[in-house]
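Read through the structure below, which is laid out as structure tokens, and then see the notes.
Counting convention: from 1, in listed order, for ligands and their atoms alike.
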Amino acid sequence: MKAIGIDLGTTNSLVAVVEGGRARALLDEAGDAILPSAVHYHSSGDIVVGKTARENATQYPEETLLSVKRLIGRTKAEAEGSGLHNYVLEQDGSALRIVVGDRRVTPIEVSAEILKSLKSRANDQLGGEISKAVITVPAYFDDAQRQATRNAGRLAGLEVLRLVNEPTAAALAYGLDKQRQGRFAVFDLGGGTFDISILDLVDGVFEVLSTGGDTQLGGDDFDTIVATWLLEQAGLLEEANASQRRAAVVAAEAAKKQLTDNFQAELRLNREGQDDFVVQMSRDEYEHLIRPTLERVQAPCRRALGDAGIRPEQLDGVVLVGGSTRSPFVQRYVAEFFEKKPLCDIDPDEVVALGAASQADLLSVDSELRLIDGGDVLLLDVTPLSVGLETMGGLAEKVIPRCSQIPASRSQEFTTYQDGQTAMDIHVVQGERELVADCRSLARFQLIGIPPGPAGQARVRVTFQIDADGILKVGAKDLTSGVEQSVNVEPTHGLTDAEVEGMLQASLDFAEEDVNARFLRTAQVESERALSAIRTALASDADLLTEEENSVIHSVIDDLNTANAGTDHRQIQDLTDLLDRVSSGFAHRRMERALAEGLKDTRVTDLADELGVDDDAAKKEE
Ligand code: ADP
Ligand code: MG
């Protein structure tokens, strides 16, 4: 059975399939490939998806949901922070619900309605039960958003073979892989999101060098700007009701599209009780209005190029994706920025769905394309932020650094900090900063059942795996006992691009401060370890000290305690070393006493450990 490719867009969604060796978009009865990502929850209980729902939005703004992709995998606080929707939201445990009439629906359920509609289109046209699909997501989607999208697929009765990044799918659709070599930028400006990806093609295999974007920038914003302008012109900016505002947005979008092919557009707005308000807008006026918003693509583009380590002139091509790139203004802007004329031969609305269909075909047992090409196309993506673990002293240890290719798997060994410790807390964090407090917490779990032993003896291997969908799994295993524990990181909230940008910027701004903080925490952890050891030793064997030693050790302890409360990591380090040196004679005498008293193996081993003496050496002396 065929597998389909789905572009689940913020504004529009499409479904495509490979047949006869090439991908094509499936059309509705009216001959349109596009299904508006709009869902109308009618008070009668009916659910209408697509064009009709979108049209109903003017009449039933409270019952119609648009651009719900902006809310998927997000919390109420985040959604409201973004300020880019007009819905009443409720947080229900970890689920975000949108209030529509008497109903409370989750963004996952709404997305599932869109997917069901596309699935039934495919069923009608391809015959039989379609159940497998590849769904595309913006490259910047985090774990929560990817999981939520996958769940929407499941809810729609689809087996999601893979989630593929939208720009990556576009590259496939363009068949850029046939060129064998090259570096490309994929510039995707849709209705609600902007994505930029830099791809490297080596021997026909794509690798995503870097990704960037803004999940809150797109053609919708141009519509809002023009709609605001229209309401202002009509003198209705303050008093317009919800349906007039919606009507202004519809008029704005129509004018925007007209200005793609014409130099002049007419906008019309209904004024209750009066004649319609009619006004003209020129292409120049339009471009002037939206320029500041369009310019917001610059920072992510620069960063993506920087992350990939290339300059615009080193690119072999730029691919345009997304309905908004039809605009001549956008095309001109991209050509100027990247210093070359962008590729736009494939319909920018369909290109992502076509690529998803190719990928779906390649993942099917009876793939057509694999037969034709005789090979697989390997698509690699990268992580937007580093993920790692909290270690002693509240430090973040990066396990998979940002911009790593995924799928990725990396392991690191950790050990116990205290004697007799049988459990280890695993705290998974995301971010570029050195201190956990400055990173984002993704998940916590505990590995229990570590056999008790001296501090530092246990070997716990922690493995981070990011799968092809960008979903993170973290596992911890005690290598001695074999006990293990793992979590799928399903964070209850995602990050906006602004937050990702902010986190990256902060890591640069605070780099020096962070390195000092790391040195300080490390020095403090070391010194506390040393202080605790000497306290134990003094408690049991103080009689082995000379009076002079006793006073020297105590004065160093006092100095170290004072230094620990300060911020000079060098001083702490120096005093810790000094404490080691002034107590070395004492340490040896304790060792001798232990041996002389004929203590058991374990005790000697413990003591050797405590004194930092090699285990084997201790046993030999015995
Ligand atoms: P998404 O991926 O976010 O769903 P699309 O790639 O489908 O978005 O692009 C939809 C956006 O493209 C909408 O903002 C729409 O107004 C805009 N758009 C569609 N056609 C044109 C056009 N001819 N000129 C300018 N913008 C257009
Ligand atoms: Mg799109």
Side-chain angles (χ1 to χ4, degrees), residues 5-16 25 32-39 49-51 54 57 65-72 84-85 110-111 114-115 118 135-141 145 149 164-170 173 186-197 213-227 248-263 265 281 283 286-287 289-290 293-294 297 319-334 344 346-356 497:
I6 292 178
D7 172 6
L8 182 62
T10 310
T11 325
N12 296 311
S13 298
L14 294 90
V15 57
D32 291 326
I34 280 175
L35 176 80
S37 305
V39 181
V49 180
K51 238 182 275 180
R54 190 156 191 213
L65 301 178
L66 303 168
S67 299
V68 84
K69 189 171 167 182
R70 285 192 191 282
L71 302 177
I72 203 161
L84 279 165
H85 65 90
V110 184
S111 302
I114 299 165
L115 292 171
L118 294 169
I135 302 177
T136 58
V137 290
Y140 251 64
F141 258 24
Q145 292 164 301
T149 304
V164 173
N165 285 344
E166 289 158 12
T168 301
V186 180
F187 184 99
D188 178 352
L189 189 61
T193 55
F194 167 60
D195 271 292
I196 178 74
S197 299
D214 188 335
T215 52
Q216 297 181 338
L217 176 63
D220 292 352
D221 298 303
F222 304 152
D223 301 345
T224 309
I225 291 166
V226 175
V249 172
V250 171
E253 193 193 357
K256 173 185 78 176
K257 289 184 180 170
Q258 232 176 308
L259 290 168
T260 287
D261 303 309
N262 303 284
F263 289 94
M281 179 182 253
R283 191 187 273 181
Y286 170 70
E287 293 183 359
L289 274 179
I290 69 157
T293 305
L294 178 58
V297 302
V319 175
L320 293 187
V321 182
S324 298
T325 63
R326 285 211 176 82
S327 154
F329 184 38
V330 174
Q331 295 184 359
R332 219 166 57 230
Y333 193 86
V334 171
C344 47
I346 302 181
D347 184 328
D349 289 326
E350 295 184 2
V351 61
V352 169
L354 297 178
D497 288 344

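Side-chain N or O atoms of R283 include one that pairs as donor or acceptor with a backbone N or O of L259 at under 3.5 Å. A donor-acceptor pair under 3.5 Å is formed between the side chain of D214 and the backbone N or O of Q216. Remark: side-chain polar atoms of D32 are not paired, donor with acceptor, to backbone N or O of I34 under 3.5 angstrom. With D221 contributing its side chain and G218 its backbone, the two residues share a donor-acceptor pair below 3.5 Å. Put simply, the side chain of S327 never gets that close to the backbone of S324: no donor and acceptor are under 3.5 Å apart. Between the side chain of T168 and the main chain of V164, no donor-acceptor pair closer than 3.5 Å is present.
Near K256, meaning under 4.0 Å from any of its heavy atoms, are these atoms of ligand 1: 13 (C), 14 (O), 15 (C), 16 (O), 17 (C), 26 (N). Per-residue contacts place T10 under 4.0 angstrom from the following atoms of ligand 1 (heavy atoms of the residue considered): 1 (P), 3 (O), 4 (O). Under a 4.0 Å criterion applied to the non-hydrogen atoms of D220, ligand 1 contributes the atoms 14 (O). With ligand atoms numbered from 1 in the order given, ligand 1 contributes 1 (P), 3 (O), 4 (O), 8 (O) to contacts under 4.0 Å with heavy atoms of T11. Heavy-atom proximity to G9, at under 4.0 Å, picks out these atoms of ligand 1: 4 (O). Listed by number with element, the atoms of ligand 1 under 4.0 Å from a non-hydrogen atom of G322 are 6 (O).
Heavy-atom separations between G192 and ligand 1 include at least one value shorter than 4.0 Å.
Considering backbone and side-chain N/O of D223, none are found under 3.5 Å from N/O of ligand 1. Checked against a 3.5 angstrom limit, the closest N/O atoms of K257 and ligand 1 fall outside it. The shortest N or O to N or O distance between D7 and ligand 1 is not under 3.5 Å.
Proximity of T260 to ligand 1, defined as any heavy-atom pair under 4.0 Å, is confined to the side chain (atoms from C-beta onward).
With salt bridges taken as basic N to acidic carboxylate O contacts below 4.0 Å, one links E166 and K69. Using a cutoff of 4.0 Å between basic side-chain nitrogens and carboxylate oxygens, D261 and R326 are not scored as salt-bridged.
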Subject >> side-chain hydrogen bond (donor to acceptor under 3.5 Å, both in side chains) assessment of S37 paired with T11 >> reply: CA-CA 5 Å; S37 305; T11 325; over 6 Å; no
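Counting only non-hydrogen atoms, the option in S324, G323, G219 that gets closest to atom 6 (O) of ligand 1 is G323. Comparing P328, A252, G191 against atom 1 (P) of ligand 1, the shortest heavy-atom distance belongs to G191. Within the set E253, K69, Q258, E350, the minimum heavy-atom distance to atom 16 (O) of ligand 1 is found for E253. Counting heavy atoms only, G190 comes closest to atom 2 (O) of ligand 1 of the residues G190, A353, P348, S327.
Taking the six-membered ring where the residue is Trp, the centroids of F329 and Y286 are separated by 6.0 Å or more.
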